[in-house]
Amino acid sequence: MDTDVIVVGAGPTGLLLAGDLATAGARVTVLEKRPAGLSNLTRAFAVHARSLEVLDARGLADELVTKGQPVRAIRLFQRLTVSLADLPSRFRYVLVAPQYEVERLLRRRAEEAGAVFRHDTEVTSLAQDGEGVTVTAADGSQLRARYLVGTDGARSTVRSAVGIPFPGKAVIRSMVLADVRLARKPADTLTVAAANDSLGFIAPFGDGWYRFIGWQGDRSVSEDEPVDLDEVRSIARATLGDDFGMSEPRFLSRFHSDERQAPTYRKGRVLLAGDAAHVHSPAGGLGMNTGMQDAANLGWKLAAALRLPDDAAAAVLDSYEGERYPVGKQVLRASGGILRAATSRGPLATLAGTVGVGIVSRAAPIRRRAAGFISAVSIAYPRPRGAHPLVGTRARDLPLEGGSRLAEALRAGRFVLVAPAGAPTPDLPGAPGEVDPAERVVTRRADGGATTLLVRPDGYVAAARGQ
């Protein structure tokens with residue numbers, strides 16, 4: 001084998017995965033068809049609370065926060081505001097930050113951990129057998145590894161090469177995207193507005209630049225049709241009531257939005273993550289976040305599979321799809337629901353939207369659930385029958401003895417045993433995917449809690465004991 005794991009695609013999903021694997025001691029090579037150093041001014045811009053927690057457990061969140069703009073509420077259709085101020089998280093906001101800043105931090109971490117990058121390398125085919133996967137690049141070179149992960153986007157070459165379908169459809173066409181400067185500052189919220197058969201969204205990056213996404217229901221043109229600033233301003237005025245003096249566009253693009261999900265995330269020794277496994281509308285800003293959380297779930301499992309017998313390795317890798325496929329399905333439904341609510345036409349659709357928003361705006365529990373789902377802090381995985389109620393839930397960032405936090409203990413990339421203060425260290429049995437319980441990080445709570453927790457490297461509870 002030339003390497004343990006090949007990661008195809010150096011976006012946020014692939015970079016986080018590569019960093020996790022390298023931190024765990026695996027040899028990992030990242031193949032990327034883009035040239036090195038090419039700035040990635042793409043669609044992703046929102047980093048939600050759970051993704052910030054994932055980055056915090058890798059020592060990157062605080063630095064990223066300095067590069068973006070925290071926004072504490074999401075406003076939908078001028079009638080509903082979802083506050084994030086009460087999230088049970090250290091990060092009670094969504095951070096608006098350019099994707100290239102997320103990639104910069106994740107790449108630095110991966111390189112420092114020993115990941116190898118090969119740019120200008122386009123994968124054209126692959127073949128797998130019972131021992132590994134062989135990749136062939138456009139220049140004829142080959143590379144062989146025990147496992148391969150496709151994080152190469154919606155048009156994934158890896159997915160196509162192993163014959164995994166990508167069912168779904170385009171749900172909205174000819175959306176425009178622009179990064180601009182503004183003469184007048186809008187309200188400090190993420191604003192989604194629908195009016196005049198059009199859809200508009202605006203968010204601040206925090207450095208003087210703003211991201212605008214818009215759509216005109218009566219205008220459907222080819223994605224190759226150039227976008228000019230006048231079109232962007234027109235959509236903003238129609239939906240937001242103001243173009244805020246837009247100027248100096250640094251990025252203009254036209255795109256369509258698909259809803260698709262692969263029926264399986266694994267075929268043999270090849271796995272999919274991020275947009276290669278699922279794509280959906282930009283509503284809610286969930287795409288990059290879902291991909292990074294895929295990577296956090298997969299990374300420690302793949303590192304464990306490298307050290308486990310084949311049968312045990314297969315079971316651990318199967319749990320990746322078992323946990324993340326339902327999340328991808330929920331995200332497709334949620335983002336699609338927001339989009340359809342914004343673009344539905346006719347008096348009945350308007351009435352239904354008004355009634356629905358009215359119900360949600362008056363029901364605090366529904367608003368809290370919405371905030372928990374959008375931020376992903378409420379996402380939980382199935383637990384075995386009879387298991388402790390905390391198993392499968394996201395572990396809170398508990399204060400630990402010595403003034404540290406659970407997120408800091410997780411930076412070692414290992415299972416963390418959190419025991420009550422002053423009590424003997426309990427002997428919790430090994431968890432699925434835990435190669436050697438002797439390698440656990442053992443620490444103690446500083447919050448007075450009496451429950452012992454065994455926390456997985458991705459921050460979810462693997463086992464618990466006590467009240």
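Computed from a prediction, not measured in an experiment: that's the story for all the values here.
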- [ ] Using the six-membered ring of Phe205, assess whether NZ or CZ of Arg250 lies under 6.0 Å from its centre and within 45 degrees of the ring axis.
- [x] yes
Open item on the list: Would Arg107 and Phe117 count as a cation-pi pair here, with the cationic atom under 6.0 angstrom from the ring centre and within 45° of the axis?
Closed with: yes
Task: Sidechain-backbone polar pair: Asp4 side chain, Ala26 backbone, donor-acceptor under 3.5 Å - done: no
TODO: Using modelled atom types only, decide if a donor and an acceptor are shared between the side chain of Arg411 and the backbone of Asp56 within a distance under 3.5 Å.
DONE: yes
Open item on the list: Using a 3.5 Å distance criterion without hydrogens, assess whether the side chain of Arg211 forms a donor-acceptor pair with backbone atoms of Ala46.
Closed with: no
Task: Tyr320 six-ring face occupied by Arg266 cation (under 6.0 Å, within 45°) - done: no
- [ ] Measure from the side-chain N and O atoms of Asp152 to the backbone N and O of Val158, and report whether any donor-acceptor pair falls under 3.5 Å.
- [x] yes
Task: Value rounded to 0.5 Å, distance of CZ in Arg58 from CG in Asp20 - done: 4.0 Å
Task: For Arg159 against Leu272, the heavy-atom pair lying closest together - done: CG-CD1, 3.7 Å
Open item on the list: With a 3.5 Å distance limit and no angle check, can you tell me whether Ser375 reaches the backbone of Ala371 through a side-chain donor-acceptor pair?
Closed with: yes
- [ ] Give a yes or no answer on whether the side chain of Arg444 reaches the backbone of Pro420 with a donor-acceptor pair at less than 3.5 Å.
- [x] yes
- [ ] Sequence neighbours left out, what passes side chain to side chain contact (heavy atoms under 4.5 Å, CB included) with Ala438? Give chain and number order.
- [x] Asp436
Task: Under 3.5 Å donor-acceptor, Thr23 side chain and Leu21 backbone - done: no
- [ ] Might you confirm whether atom CG of Asp86 has over 12 heavy atoms from other residues, nucleotides or ligands at distances under 6.0 Å?
- [x] no
- [ ] Using the test side chain to side chain donor-acceptor pair (under 3.5 Å), find all partners of Arg456 that sit at least two apart in sequence or belong to another chain.
- [x] Glu323, Asp458
Open item on the list: Using a 3.5 Å distance criterion without hydrogens, assess whether the side chain of Arg269 forms a donor-acceptor pair with backbone atoms of Gly130.
Closed with: yes
